[in-house]
Amino acid sequence: MTVRNTKLAVLGGGPAGYVAAIRAAQLGADVVLIEEAKVGGVCLHAGCIPTKALLRTSEAAGTVKKSKELGIESKIESIHWDTARNRKDRVVKNLNTGVEHLLNTDRITVLKGRGTVVSKSKIMVATAEEEIEVQCEKLILATGAEPVMPLIPGIESRGVLTSKEALELESLPESILIIGAGVIGLEFASMLNPLGVKVTVIEEKDRILSDTDQEMAAELLKIMKRQGISFKLSAKVTKIQETEFGLEVQYDSGDKSITQSCQNVLIAVGRRLRTGMFSSLSLQIENGAVVTNETMETSIKGVYAAGDITGNQLLAHLSFMEGRTAAENALGFEHSMDYTAVPSCIYTSPEAASVGMTEEEASAAGIQISVGRFYFRNNGRALTLLEREGFVKIIANEKHEIIGGQILGNNASELISELTLAIRCRATAEILADVIHPHPSLSEAIWEACGEIAGKAIHK
């Protein structure tokens with residue numbers, strides 16, 4: 001058995017883990033990164049990146065369908081799904097190669113195998129060739145999350161997919177039933193619907209996106225329904241059964257039991273944190289998540305945690321920052337996490353993005369708020385792009401400091417950074433209302449929404 005000594009060991013090579021390893025190496029530490037699969041984690045290989053690559057195919061299909069309004073006669077003759085999948089795989093491979101290059105450049109030792117924590121300073125790694133004992137001075141846990149499989153009779157049936165299997169479909173199904181109206185479920189609905197797949201979304205709650213701004217979620221629901229996606233809210237799946245022609249899904253809606261046929265079922269009800277690899281540590285755990293302080297240190301001195309297992313929002317960009325923060329503090333460079341302005345993006349059509357507090361959260365906290373809105377149907381750039389759906393919504397406190405914002409519309413994931421910076425810098429609506437925004441641009445909607453709070457709105 002090989003024994004390897006190191007300053008810092010990182011367990012998990014996803015967004016939190018590989019960023020922690022790179023940052024620690026930049027600071028001069030000897031680093032061992034332990035990953036049983038491929039570096040980059042779920043985000044790179046079975047989440048954020050491949051999903052967005054395939055969504056680009058759907059966006060192209062949507063543009064073709066709207067081309068007549070642009071003066072172009074065109075139609076979709078066929079969809080070569082294998083071509084779209086191959087492109088997706090090339091994008092993933094390219095980015096994975098880039099991450100591996102960074103790790104190699106920084107002379108980080110990558111052990112490919114399953115790591116099991118024995119103590120705060122000892123990890124046993126089972127690789128394909130041997131078992132390696134890693135002795136470390138500091139430890140960062142970044143083991144991520146995995147899909148939750150609800151207890152539904154028949155969930156093991158052929159044709160029932162998680163997001164990982166859905167990204168590897170060899171051909172497009174004629175129909176799919178998605179269980180869960182959260183981020184994953186809605187992104188897959190937006191991906192498949194423009195490509196001709198009949199999509200039904202079933203959700204136990206009475207609304208979609210239960211953790212987001214209610215007004216934004218309600219408007220997105222209307223838009224997706226107009227696009228042809230069917231929603232069954234306040235409905236619970238009770239049984240899945242294989243048939244000669246595919247699957248039959250039974251669900252309860254009110255006092256009715258309904259059966260619906262489909263080719264595939266996608267399970268998108270959430271993700272479970274992966275903590276089994278370090279169960280030997282007596283860490284403080286709350287609601288299944290590892291408790292950390294603002295430096296990402298756990299209840300055990302010298303042991304840090306970052307990414308999904310900390311129980312914060314399951315976002316790769318948040319994991320990046322937590323991983324960096326954990327690495328810096330593990331090596332004696334003080335840095336504290338600030339969760340005040342964490343943007344969240346949903347890549348539906350149109351996109352939905354939010355940061356800071358929602359109107360409901362601010363009101364529940366007893367904050368005296370002002371709300372500014374501007375609709376993209378009144379925005380010149382949105383109209384030229386055929387993207388008139390949605391709005392910008394700004395939440396400000398009694399001092400008119402921006403404390404939250406939601407954007408439903410084209411390129412919302414890019415626009416939200418302006419509001420993220422505003423919240424981080426405690427900027428007021430007056431400041432953004434006085435910032436000169438380019439014309440015509442989608443960002444003018446932020447200018448106008450802030451102008452409404454400041455009493456300076458022009459194009460209302």
Side-chain angles (χ1 to χ4, degrees), residues 37-38 40 42-67 74-96 146-147 149 152 154-202 224 227-232 237 239-251 259-269 347-349:
K38 295 180 180 180
V42 171
C43 174
L44 176 52
H45 298 282
C48 319
I49 299 301
T51 304
K52 306 316 170 277
L54 293 176
L55 277 166
R56 183 58 175 161
T57 298
S58 299
E59 290 168 7
T63 300
V64 171
K65 292 177 181 178
K66 294 189 292 185
S67 64
S74 61
K75 64 179 181 179
I76 299 174
E77 294 184 357
S78 62
I79 295 172
H80 298 282
W81 185 243
D82 55 343
T83 301
R85 284 183 58 234
N86 288 338
R87 174 184 172 271
K88 175 261 295 181
D89 291 341
R90 289 197 304 273
V91 171
V92 170
K93 183 179 180 180
N94 182 53
L95 292 172
N96 180 71
E146 59 191 0
M149 299 299 285
I152 300 173
I155 199 169
E156 72 286 347
S157 301
R158 288 176 298 176
V160 177
L161 316 167
T162 67
S163 56
K164 182 178 180 180
E165 290 88 45
L167 290 168
E168 299 303 325
L169 281 170
E170 295 184 359
S171 60
L172 288 169
E174 292 182 5
S175 59
I176 191 166
L177 188 148
I178 299 174
I179 302 177
V183 174
I184 296 173
L186 296 189
E187 287 191 359
F188 271 93
S190 286
M191 176 200 301
L192 296 171
N193 177 64
L195 302 177
V197 180
K198 182 181 178 182
V199 179
T200 301
V201 181
I202 294 183
M224 296 185 76
Q227 293 170 347
I229 299 170
S230 177
F231 285 85
K232 311 295 181 184
V237 175
K239 186 178 181 182
I240 301 172
Q241 185 173 349
E242 290 185 55
T243 70
E244 182 181 353
F245 306 103
L247 296 169
E248 279 191 352
V249 178
Q250 184 175 313
Y251 64 92
T259 299
Q260 181 168 327
S261 298
C262 60
Q263 190 172 340
N264 287 108
V265 170
L266 171 62
I267 306 297
V269 297
Y347 296 82
T348 45
S349 180

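Because the structure is predicted, anything quoted here is derived from the model rather than measured.
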(message) What I'd like to find out is whether the side chain of Leu161 reaches to under 4.5 Å of the side chain of Ile267, using heavy atoms alone.
(response) no
Result block: side-chain N/O donor-acceptor pairs under 3.5 angstrom for residues 174-181, not counting sequence neighbours:
| unit_1 | atom_1 | unit_2 | atom_2 | d |
| --- | --- | --- | --- | --- |
| Ser175 | OG | Gln263 | N | 3.1 |

(message) When you compare the side chain of Leu172 with that of Ile79, does any pair of heavy atoms fall below 4.5 Å?
(response) yes
(request) Calculate, to the nearest 0.5 Å, the distance between atoms CE and CD1 belonging to Met224 and Ile229 respectively. (result) 3.5 Å
(message) Could you measure the distance from the CG atom of Leu55 to the CD atom of Glu59? Nearest 0.5 Å is fine.
(response) 6.5 Å
(request) May I ask you to say whether Glu168 pairs ionically with Arg85, meaning some side-chain N is under 4.0 Å from a carboxylate O? (result) yes
(message) Tell me every residue that passes side-chain contact (heavy atoms from CB on, under 4.5 Å) with Glu242, counting only those two or more places apart in sequence or in another chain.
(response) Ser157, Arg158, Leu247
(message) With a sphere of 6.0 Å drawn around CD of Glu156, does it hold more than 12 non-hydrogen atoms of other residues, nucleotides or ligands?
(response) yes
Residues 187-202, side-chain donor-acceptor partners within the protein, below 3.5 Å, at least two apart:
| unit_1 | atom_1 | unit_2 | atom_2 | d |
| --- | --- | --- | --- | --- |
| Glu187 | OE1 | Lys52 | NZ | 3.1 |
| Glu187 | OE2 | Tyr347 | N | 2.9 |
| Ser190 | OG | Leu186 | O | 3.4 |
| Ser190 | OG | Ser349 | N | 3.4 |
| Asn193 | ND2 | Gln227 | O | 3.1 |
| Thr200 | OG1 | Gln260 | NE2 | 2.9 |

(message) What verdict does the side chain to side chain contact (heavy atoms under 4.5 Å, CB included) test give for His45 and Val92, after you've listed the backbone C-alpha separation in whole Å, the side-chain angles of each residue and the deciding distance to 0.1 Å?
(response) CA-CA 6 Å; His45 298 282; Val92 170; 3.6 Å; yes
(message) Looking at Asp82, is its backbone amide N or carbonyl O close enough to the side chain of Asn86 to form a donor-acceptor pair, meaning the two atoms are under 3.5 Å apart?
(response) yes
(request) Could you tell me which residues satisfy side-chain contact (heavy atoms from CB on, under 4.5 Å) with Gln241, sequence neighbours excluded, listed by chain and number? (result) Lys239
(request) Can you sort out the partners of Ser74 under side-chain contact (heavy atoms from CB on, under 4.5 Å), two or more places apart, ordered by chain and number? (result) Val64, Ser67, Ile72
(message) Arg56 vs Ser58, test: side chain to side chain contact (heavy atoms under 4.5 Å, CB included). Steps then yes/no.
(response) CA-CA 5 Å; Arg56 183 58 175 161; Ser58 299; over 6 Å; no
(request) Provide the closest heavy-atom pair for Pro50 versus Leu44 in the form atom of the first, atom of the second, distance. (result) CD-O, 3.2 Å
(request) Please say whether more than 12 non-hydrogen atoms of neighbouring residues, nucleotides or ligands are located less than 6.0 Å from NZ in Lys65. (result) yes
(request) Could I get the full list of side-chain contact (heavy atoms from CB on, under 4.5 Å) partners for Lys164, not counting sequence neighbours? (result) Ala46, Thr162
(request) Please name the pair of heavy atoms, one in Leu266 and one in Ser163, separated by the smallest distance, quoted to 0.1 Å. (result) CD1-N, 3.7 Å
